[in-house]
Amino acid sequence: MDKQHLLTQLQSLRLKLHEIAEARGSLTDPAVLAISEEADQLIVALQYLQREEFEHSSNLRDTKK
């Protein structure tokens with residue numbers, strides 16, 4: 001998956017999380033927790049991509065020296 005797609009999904013989950021938390025009146029409601037866990041997985045995937053991008057750009061700089 002590409003970074004922009006993951007960011008779009010994360011934004012959608014964030015909005016859904018807010019709506020359900022407001023409707024249920026609890027941040028510990030099982031539905032809220034399930035969405036939060038899904039968002040956590042996306043965040044980890046984004047961090048992985050970001051680390052790969054950083055390592056790739058670092059490697060490119062190292063080869064130019």
Side-chain angles (χ1 to χ4, degrees):
M1 259 184 225
D2 74 330
K3 189 175 181 179
Q4 189 57 47
H5 181 71
L6 291 173
L7 288 168
T8 301
Q9 279 187 300
L10 185 57
Q11 178 65 8
S12 176
L13 282 176
R14 188 187 71 78
L15 294 172
K16 187 175 178 182
L17 183 66
H18 179 74
E19 289 173 8
I20 292 177
E22 285 264 326
R24 305 277 173 107
S26 171
L27 294 176
T28 58
D29 183 86
V32 174
L33 293 176
I35 296 169
S36 179
E37 288 175 9
E38 192 175 344
D40 288 346
Q41 291 174 357
L42 287 176
I43 291 167
V44 169
L46 282 163
Q47 288 173 334
Y48 179 79
L49 285 175
Q50 188 172 6
R51 187 180 80 212
E52 281 186 337
E53 288 174 359
F54 176 77
E55 289 174 355
H56 179 71
S57 66
S58 292
N59 289 339
L60 288 176
R61 280 191 298 252
D62 290 343
T63 58
K64 290 182 180 180
K65 290 182 180 180

Give the intermediate values and the outcome of side chain to side chain contact (heavy atoms under 4.5 Å, CB included) for residues Arg14 and His18. CA-CA 6 Å; Arg14 188 187 71 78; His18 179 74; 5.6 Å; no

Please report the interatomic distance CD(Gln4) to CG(Leu46), rounded to the nearest 0.5 Å. 10.0 Å

Let me confirm one number: the CG-CG distance from Leu27 to Leu33, rounded to the nearest 0.5 Å. 8.5 Å

Between Leu7 and Leu49, is there shared hydrophobic-cluster membership here, with clusters defined by ILVMFWY side-chain heavy atoms closer than 4.5 Å? yes

Can you pull out every side-chain hydrogen bond (donor to acceptor under 3.5 Å, both in side chains) where at least one residue sits in residues 37-51? Sequence neighbours excluded, please. Tyr48-Glu52

Rounded to the nearest 0.5 Å, what separation is found between the CG atom of Leu15 and the CD1 atom of Ile35? 11.0 Å

Distance from Leu42 atom CG to Ser12 atom OG, nearest 0.5 Å? 9.5 Å

Might you point out which heavy atoms bring Val32 and Ser26 nearest each other, and give the distance in Å? CG2-O, 3.5 Å

